[in-house]
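Each chain gets a letter, A, B and so on, in the order the sequences are listed, and its residues count up from 1. A quick note: this is a predicted structure, and the numbers were derived from the prediction, not measured.
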Amino acid sequence: MRLSELLAPTLREVPAEAEVISHILMLRAGMIRKVASGVYTYLPLGYRVIKKVIEIIREEMDNKGGQELMLPIIQPAELWLESGRWNVYGDELFRLRDRHGRDFALGPTHEEIITDLVRNEVRSYKQLPLLLYQIQNKYRDERRPRFGLMRGREFIMQDLYSFDRDEAGLELSYRKMYEAYSRVFSRCGLKFRVVEADPGAIGGSSTHEFMVMADSGEAAIVFCESCEYAANVEKAEAVVDEQTSAEEMLAWEEVSTPGARSIEEVSSFLKVDPQRIIKSLVYQTEDGIVLALVRGDREINEVKLQNVLDSLRLFMADERSVAELTGAEPGFAGPVNIKGVRVIADQEVMLMRNAVTGANKTDTHIINVNPGRDFIPDKVADIRLVKAGDPCPRCRGKLSEARGIEVGQVFKLGTKYSKALGAKFLDENGKEQLMVMGCYGIGVSRTVAAAIEQNHDDDGIIWPMPIAPYHAVIIPVSAKDKDQMKIAESLYISLTAQGVEAVIDDRNERPGVKFKDADLIGFPLRIVIGSKAVEEGVVEIRHRRNGNVQTAKIESAVPLIKKIVEDEIAESLA
RNA sequence: CGGGGUAUAGCGCAGUUUGGUAGCGCGUUCGGUUCGGGACCGAAAGGCCGCAGGUUCAAAUCCUGUUACCCCGACCA
């Protein structure tokens with residue numbers, strides 16, 4: 001490719017719309033342009049990277065016996081009604097209606113479609129297992145699209161669905177995909193961690209997320225410094241190490257705490273540790289009000305709470321509901337003598353002795369409250385948010401916190417969708433069985449963004465070789481110098497013939513402009529043809545990542561470059 | 001969905017307070033001089049001032065409505 005002909009409109013200035021580095025650099029490097037919020041056009045360079053990632057995924061899926069197919073983006077409402085998700089999915093589902101008034105959705109995911117296919121076409125255990133995958137656009141009407149390709153409303157995704165006869169088969173499929181995904185991300189040059197995660201609304205039992213470590217990541221994870229444990233904070237299990245204190249239970253009494261609503265205020269007003277205060281949070285669910293209790297120095301984990309309650313919608317109650325429930329202003333709710341709500345206590349709360357809680361009376365708290373004696377929760381569970389410094393649930397080592405970009409997730413779905421949609425087969429005994437499903441997804445466009453988050457410097461992108469749009473850029477210092485151009489052209493032809501993906505910067509620009517653009521776009525290798533090439537027959541090979549420069553005789557440049565490219569690609573597989 | 005902000009040339013911005021008919025830098029085009037890290041000189045093209053209504057002799061500027069986009073939060077297979 002000649003840069004004089006390539007549509008790669010680079011920008012000197014940072015576009016006002018972009019905030020995170022991957023978004024800024026993709027815009028500046030002329031790889032993407034925004035069409036609407038969360039909707040982007042991929043320009044030639046950007047699309048080449050996407051295709052590289054897709055090809056890597058394809059190879060790994062095919063290696064594990066995956067079969068690629070293409071599913072429709074437009075999906076009839078009937079299937080979504082059948083699975084029950086037409087109503088559950090909410091505003092995030094893009095909906096549309098055809099001229100006959102029939103409802104459709106733009107697919108945010110394809111469980112319904114694929115299960116429909118398989119239930120119609122697969123009848124026998126002899127046809128299982130099946131690993132079916134596709135790579136295409138998906139649609140989610142995100143409330144708040146952001147960060148460029150990181151959270152779009154239209155995005156490219158690979159998803160694979162596994163159909164097995166039983167749990168053991170699912171386990172095998174799951175492990176295959178876990179391995180395949182790990183290889184995909186390694187090959188993309190990403191530093192990632194696999195973490196235990198919460199299955200969320202998609203349902204199912206076990207699930208792991210593939211997290212690319214980056215400070216700009218939207219997900220918080222914890223990992224153990226001593227063992228292999230790593231989890232999304234939504235999922236991370238809290239460990240209760242402390243014993244019930246031997247402290248004698250005192251009689252509870254109300255105390256006046258004017259204006260003290262928050263834990264800090266109560267703590268300083270009564271001169272007690274936050275650890276001795278029970279934090280009472282009022283939540284609204286579709287099944288009524290819930291009072292959730294955690295220790296004063298802890299944060300609640302709403303995902304855990306939601307799971308404990310088996311609730312579809314959970315949010316903090318507004319002031320009015322709190323007042324109605326407690327008869328007091330917010331800030332004074334407590335579990336003692338409260339009626340008409342479910343009380344869910346964190347396991348740690350049950351160990352507290354002579355604690356402080358709100359009295360359900362404005363400006364009043366109760367001291368010497370003893371869980372079990374003064375109130376009995378409807379349920380005791382782990383509902384607190386784990387944080388750095390907490391003990392590891394596996395080995396009691398110390399947990400650290402980090403941020404990550406979720407680029408992939410693997411789920412064991414079980415029979416949720418096969419049951420809802422009736423995907424069955426006949427086993428050896430002629431008995432009808434439900435297929436056991438798994439689903440696995442990679443955010444392709446997001447993976448590209450994540451790769452940039454991890455691979456850039458002040459000058460621009462530093463593509464890992466396997467996903468670089470081109471392996472090398474050839475820069476003749478002066479496009480007007482016939483000798484330089486001749487060397488550059490012949491090098492370009494030889495490299496291309498040898499399978500090295502190269503571009504030649506034949507633009508009539510000053511060298512500074514070419515170097516700046518080369519750095520910005522992030523070609524892993526830069527081959528400069530200057531006066532030395534003409535006079536001494538040597539070219540300069542510069543590595544984008546570390547700035548190292550090596551020189552080579554023109555004759556030996558092609559095999560040398562080819563070797564560097566091959567070595568770096570091979571390295572990603574190691 | 002709640003809070004905040006922005007909308008003026010391809011990009012980044014000024015002009016809006018105090019109405020008088022639109023400007024700067026970069027980029028683009030043409031000519032020339034340059035040529036190893038975003039050159040210089042000269043000329044030029046390019047603007048429903050987000051959109052709709054209103055006030056006024058006159059609106060980018062004031063008023064009303066509306067849309068889009070960005071940020072924080074909530075939410076998120």
Exercise for the section: May I ask you to establish whether A:Arg153 and A:Tyr139 are in a cation-pi arrangement, using a distance under 6.0 Å from NZ or CZ to the six-membered ring centre and at most 45° from the ring axis? Expected result: no

Practice task
Just jot down the side-chain contact (heavy atoms from CB on, under 4.5 Å) partners of A:Ala468, sequence neighbours excluded, or say none.
Solution key: A:Trp463, A:Pro524

Fill in the blank from the handout: For A:Val436, the side-chain contact (heavy atoms from CB on, under 4.5 Å) test, sequence neighbours excluded, returns A:Glu167, A:Leu170, A:Thr415

Practice task
Do nucleotides 35-49 of chain B as a string where each nucleotide becomes B, S or -: B if the base has a protein heavy atom under 4.0 Å, S if just the sugar-phosphate does, - if no protein is that close.
Solution key: BBBBB----------

Practice task
Using Watson-Crick or G-U wobble geometry with both distances below 3.5 Å, tell me the partner of B:G19, or none.
Solution key: none

Practice task
Using atom CZ of A:Phe147 as one end and atom C1' of B:C72 as the other, report the distance to the nearest whole Å.
Solution key: 10 Å

Exercise for the section: Would you kindly give the CZ-to-P distance between A:Arg143 and B:C71, to the nearest whole Å? Expected result: 17 Å

Practice task
Taking side-chain contact (heavy atoms from CB on, under 4.5 Å) as the test, write out the residues that go with A:Tyr174, two or more places apart.
Solution key: A:Ser206, A:His208, A:Val410, A:Lys412, A:Tyr440

Problem - Spacing between A:Asn301 atom CG and B:C75 atom P, to the nearest angstrom - result: 11 Å

Handout entry: Between A:Glu112 and A:Ser83: side-chain donor-acceptor atoms closer than 3.5 Å
Key = yes

Handout entry: Length of the line joining A:Glu142:CD and B:C1:P, which is rounded to integer Å
Key = 15 Å

Practice task
Specify the residue among A:Val20 and A:Glu234 whose closest nucleotide of RNA chain B lies further upstream toward the 5′ end.
Solution key: A:Val20

Exercise for the section: Examine A:Arg544 relative to A:Phe523 and say whether NZ or CZ is less than 6.0 Å from the centre of the six-membered ring and inside a 45° cone about the ring axis. Expected result: no

Exercise for the section: Any strand is fair game: report the nucleotide pairing with B:C1 by Watson-Crick or G-U wobble, both distances under 3.5 Å, or none. Expected result: B:G73

Exercise for the section: Count the heavy atoms belonging to other residues, nucleotides or ligands that lie under 6.0 Å from CG of A:Leu560, then report whether that count exceeds 12. Expected result: yes

Practice task
Pick base, sugar-phosphate or nothing for A:Pro108, based on heavy-atom distances below 4.0 Å to the nucleic acid.
Solution key: nothing

Exercise for the section: Measure from CD on A:Gln306 to P on B:A74 and round the result to the nearest Å. Expected result: 14 Å

Set out, line by line, the N/O atom pairs under 3.5 Å between protein and nucleotides 66-69 of chain B.
unit_1	atom_1	unit_2	atom_2	d
B:C69	OP1	A:Ser37	N	2.9
B:C69	O3'	A:Lys34	NZ	2.9

Practice task
Can you tell me which residue pairs pass the salt bridge (Lys or Arg N to Asp or Glu O under 4.0 Å) test with a partner in residues 468-488 of chain A, sequence neighbours excluded?
Solution key: none

Problem - Watson-Crick or G-U counterpart of B:U6, or none if no pair lies under 3.5 Å - result: B:A68

Handout entry: Between P of B:G73 and CZ of A:Arg144, the distance in whole Å
Key = 7 Å

Fill in the blank from the handout: A:Gln284 CD to B:A74 C1', in whole Å, measures 16 Å

Problem - Between C1' of B:C24 and CD of A:Glu13, the distance in whole Å - result: 12 Å

Handout entry: Inter-nucleotide C1' distance (B:C48, B:G3), Å rounded
Key = 33 Å

Exercise for the section: Answer yes if the ring centres of A:His110 and A:Tyr133 are under 6.0 angstrom apart, and no otherwise. Expected result: no

Practice task
Tell whether A:Arg151 reaches the base of B:C76 with its side chain through a donor-acceptor pair below 3.5 angstrom.
Solution key: yes

Practice task
Would you indicate whether A:Glu17, at its atom CD, is surrounded by more than 12 heavy atoms from other residues, nucleotides or ligands within a distance under 6.0 Å?
Solution key: yes

Exercise for the section: Name the pairing partner of B:A43, where a pair is Watson-Crick or G-U wobble with both distances under 3.5 Å, or state none. Expected result: B:U29

Practice task
Have a look at A:Phe315 and say if it touches a base, only the backbone sugar-phosphate, or nothing, with a 4.0 Å heavy-atom cut-off.
Solution key: nothing

Exercise for the section: Identify the nucleotide, in any strand shown, that forms a Watson-Crick or G-U wobble pair with B:U55, with both distances under 3.5 Å; if there is none, say none. Expected result: none

